[in-house]
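Please read the structure below before turning to the comments.
These numbers come from a predicted model, not from an experiment. Note that ligands are numbered from 1 as they come in the structure, with each ligand's atoms numbered from 1 the same way.
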Amino acid sequence: MQIDIITLFPELLKSPFEVSIMKRAIEAQKVKVNFHLLRDYAENKQRQVDDYPFGGGAGMVMKIEPIDNCINRLQKNIVYDEIIYLTPDGEQLTQGISNTLSTKKNIIILCGHYKGVDQRVRDHLITREISIGDYVLSGGELAAAVLCDSIIRLIPGVLGDESSALTDSYQDGLLAPPIYTRPANYKGWEVPEILSSGNTPEVEKWREKKAIEKTKALRPDLIKDQE
Ligand code: 6GU
C-alpha cells in the first residue's frame, strides 16, 4: 500500500510514523508513506496557499491551485483508489471505514487548515471526506496520523499475531473485554479466577459475556446498530 499525505505542516505528523507498529510496517515494506509539502506546489512567488474568502468573513481559505497541482503530479505516477480530505465536517471514521481503506492499494490524504479548502476541491478533486470525531482540531495532520495508524495496523502481516487485530474493540462490533497479567493478586486486587483455570472454552465464554456487558453499559448504540 502507498499513502501520500499532502500537508502544510509535516513536522506535526512525521514522528508517529517513526515508532512502534507504523515504523515496523514501513520497514517491512507493507506500506510506503510519503509527505508532500503543499507550499511546494503554490504558484506565485510568495508561495501562497491560502486567501481571503469570497463574500467576506473571518478566516482564510486554502486555495485550489496548489492542491490541484499536487494531486495532478501524484497522479502522473500512479492511480489512486481514494483521495481523502480530512475535515471535521466529513463522515465520521469507524473501524469499518479503516477496514475498507486497509484493502486499498494507493491513497492520498489531504490535510485541511485554516477555515478549510475551497469548496471546488471538495466537489471536483477528492473522493471521500473523513472526520475523526465531533470536535475541532487545528488542522488535519493529527487526524491523518490517527487515520493512518488505524489503517496500517490492519494490513495483513503488520501485526505479529495475526489474530490480535481481530480481538480489538470494535472489530466484532463490541468493546474489548477486560484483560489482566501477573501478578494474580496485587494489593488484594485479584484477577478473575476463570482466567487462570486453563479452560479455554470457558475463558472465551467469559470474555464474550464481559464484552457484551461492557458494550451495553458504555456504548449501547453499538449493540442497537447490530440489531
Ligand atoms: Cl479530520 N480535521 C480537523 N481539523 N478537525 C477534526 C477532524 C479533522 N476530525 C475531527 N476534528
Taking a 3.5 Å cut-off between nitrogen or oxygen atoms, can you list every pair linking ligand 1 to the protein, with distances?
from, atom 1, to, atom 2, distance (Å)
ligand 1, 4 (N), L137, O, 3.1
ligand 1, 5 (N), L137, N, 3.0
ligand 1, 9 (N), S131, OG, 3.4
ligand 1, 9 (N), I132, N, 2.9
ligand 1, 11 (N), Y135, O, 2.5

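Proximity of L8 to M62: side-chain heavy atoms (C-beta onward) are separated by under 4.5 Å at one or more points. No side-chain heavy atom of E82 sits less than 4.5 Å from a side-chain heavy atom of N106.
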> Is there a side chain to side chain contact (heavy atoms under 4.5 Å, CB included) between V61 and D51 once you walk through the steps?
Replying inline: CA-CA 5 Å; V61 179; D51 207 340; 6.0 Å; no
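The backbone N or O of A145 lies less than 3.5 Å from no partner atom in the side chain of D149, so there is not a single donor-acceptor pair.
For L222 against G173, the heavy-atom pair with the smallest separation is CB-O, 3.8 Å.
Here F9 pairs with H113 under the ring-ring contact (aromatic ring centres under 6.0 Å, His included) rule; sequence neighbours left out.
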